[in-house]
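Worksheet for the structure shown next.
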2 protein chains.
Amino acid sequence: MRTTIKDIAEYTGFSVTTISLVLNGKGTKIPEKTKQIIFKAVEDLDYRPNQIAVGLVKKRTNTIGLIISDIRNVFFSNLAKGIEDECRRNGWNLVLCNTNDMHERDMAYIRVLADKGVDGILYAMSIDSDHEKAMESLTLMDSIKIPYIMIDRTFRQKCCHYVVTDHEVGGYLATKHLTDLGHRRIACVTGPLHLDDSKFRLDGYRRALEEASIPYDPALIYEGDYTVEGGREGINKLLSETFTAVFAFNDMSAYGVYNVLKANGYNIPDDISLVGYDNIFFSELLDTPLTTIHQPIYEVGIEATKRLIEMNEKKPIDKLERVIEPYLVVRKSTSAVKLEKTEANESVK
Amino acid sequence: MRTTIKDIAEYTGFSVTTISLVLNGKGTKIPEKTKQIIFKAVEDLDYRPNQIAVGLVKKRTNTIGLIISDIRNVFFSNLAKGIEDECRRNGWNLVLCNTNDMHERDMAYIRVLADKGVDGILYAMSIDSDHEKAMESLTLMDSIKIPYIMIDRTFRQKCCHYVVTDHEVGGYLATKHLTDLGHRRIACVTGPLHLDDSKFRLDGYRRALEEASIPYDPALIYEGDYTVEGGREGINKLLSETFTAVFAFNDMSAYGVYNVLKANGYNIPDDISLVGYDNIFFSELLDTPLTTIHQPIYEVGIEATKRLIEMNEKKPIDKLERVIEPYLVVRKSTSAVKLEKTEANESVK
DNA sequence: CTGTTAGCGCATTCAC
DNA sequence: GTGAATGCGCTAACAG
């Protein structure tokens, strides 16, 4: 049996209260001698407070719940690492919940986390959350009265705390890099466009286009799903159009584009430039290292965790709207557009 | 305030006991009518038992602790996904702990998990655990009296439950594939050799060599650390030797080898064949898709979780020694050795 | 300065 | 069939 506070009370002869007091640093007026004895006993009996009991009375578990779609997604595992690192620094713990992008699981996990008494939830909404579903899960979140912060994905129709990267700027940066290189026909493999992040990246894309006086052509836009397979399908569809560059809305779909392009004999970047989004560490390992937008997602995890813990310390919680800036990482998959395309390509071979 | 069992007792007029009884399916002798009323009240008041209170009295939390080095490692995130999936199916939860391969963190997390009252621990020991440290953490694990299973990495000097893949067979398979292709000089970039898994893969390598009557040459062995950087360093050192194939003990270091080899103008597989280990999803996305050993690590997660949950259900826990077989995945990074190497290479160019 | 008394929310004997 | 009493291990008034 685990030693309890009672055991060390008997062992020392002091009452349970005294023990609790000194162990929680509230024994201001307890003689040094008594403390010594108690600490020694704690040492001798290897006593550690049962956190379940502590949690029951304090209504605090020092635990955060993380709801994401799939930890195997490198993007999310980076996020999770940031969160867990910050948790550890503060003596907190992390409960991991994968929803596989199913809204019902969002709902189920929110309830479970509430039942377990977590002190906060970090929430990356399921990809299948349309307006109604998003509303439903956020209403549930509000009803359980546990602080929560939305990460990565937002849902602006409802006011809530969030820590995100600036997807509009990211989309802009990626596209501007391409227009700066002279590209005027830029295809897009987006993510699901009912998601704010995808929507914003597309906004950024359009802004960069406008600045370069390039008309927006819907025929160049393929709505993907952030997967390698989606990237493959997208570029296959897109290949009937003419373009000199592709902007994939995440690195995973960029890999799909990359594969199909190379398989079809295209040279990257000589024939077609490619820029991704996320800066997954694999991207620099490709034979043609991928130019991409770096999202400081690890930092998002840290920041969100810090704030969530803060919310548990002090009362005043003003609206948290933290936007972290992404930046462009130029590697080998993009180059200036060839003025006389066909000829240029020939000369390369 | 959250509704408690007391609330629904008052609401229905029945006692707390009765509520508890029917909600836990132990009200065999309670009239259907009463049950109906209670269930209705639960519905009306949206009552859900506080799991902290339940945990305190039942001494069960239905929670598993997972100790790994770094969730960003694709290998571990696959493992974690398997674990969490199986947890969810059983109504359990997962607490994630990253140790960054630091033994002291293993120790700290083991204690924390015990304090939180998890019902089981899945433990992948820190990479820096030498004999003494391994002994220390396993002794601690034993002392806290919580069921635990070692995953991926074992420590055979001490008897404990484990679920692993067969590293010896994996090493054998990888090497045999190479010897079958005619390679006789096969370089190795291993993992830390004080780890059982690396040690066993090397054993497998030697067995395949013996079978092919190839002498073991220590000069071809570089002890790496399972990182991309380690792979780079390893191959740079090894390049002074002659060999026609490289066996990297995990895909990450294979990427390092791959990069350096290509950067130095070697063609894979024409000049040098390369086989990795792990079958990370990224390996098939390389320009030269990597031949590698697939470790069913997701399945390891599921299996380990199942057994850990079982240990909480029934008493009889016999020694668990589950070994899951890996298999070879042949892709494009390996080919038959060229008989007249130099000449053959020239003709390719 | 320290001990007594009450719960936290729930499950579980044991009576009625 | 149902309820009152007890306690899980701990913290926190409140006394003294």
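Basis for what follows: all heavy atoms, side chains included, without hydrogens, waters or symmetry-related copies. Because the structure is a prediction, the values reported are computed rather than measured. Per chain, numbering begins at 1; letters A, B, ... match sequence-line order.
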If you look at every strand shown and take non-hydrogen atoms under 4.0 Å, does B:Gly13 touch a base, only sugar-phosphate, or nothing?
->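 Here B:Gly13 touches the backbone only, sparing every base.
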State whether A:Glu303 and A:Arg307 are salt-bridged, where the test is any N-O pair (Lys NZ or Arg NE/NH1/NH2 against Asp/Glu carboxylate O) under 4.0 Å.
->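 Salt bridge between A:Glu303 and A:Arg307, a charged N being under 4.0 Å from a carboxylate O: yes.
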Side-chain donor-acceptor pair present, [X], [Y], cut-off under 3.5 Å:
X	Y	answer
A:Asn90	A:Arg88	no
B:Lys81	A:Asn100	yes
B:Lys40	B:Thr12	no

Can you name the one residue among [options] that meets side chain to side chain contact (heavy atoms under 4.5 Å, CB included) with [X]?
X	options	answer
A:Leu66	A:Ile83, A:Asn98, A:Leu113	A:Ile83
A:Leu122	A:Ile68, A:Ile149, A:Leu79	A:Ile149
B:Ile121	B:Ile67, B:Ile64, B:Leu308, B:Val95	B:Ile67

First-last contacting nucleotides on DNA chain D - partner chain A, under 4.0 angstrom, heavy atom =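 Range of nucleotides within reach of chain A: D:dG9 to D:dA13.
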Reading nucleotides 6-16 of chain C 5' to 3', which nucleotides get B (base under 4.0 Å from a protein heavy atom), which S (sugar-phosphate only), which -?
-> -BBBSBBB---
Starting at NZ of A:Lys33 and ending at C1' of C:dT2, how long is that distance when rounded to a whole Å?
->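 From A:Lys33 NZ to C:dT2 C1': 16 Å.
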Ring pair (Phe, Tyr, Trp, His ring centres under 6.0 Å) against A:His194, all qualifying residues, sequence neighbours excluded =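 For A:His194 there are no ring pair (Phe, Tyr, Trp, His ring centres under 6.0 Å) partners, ignoring immediate neighbours.
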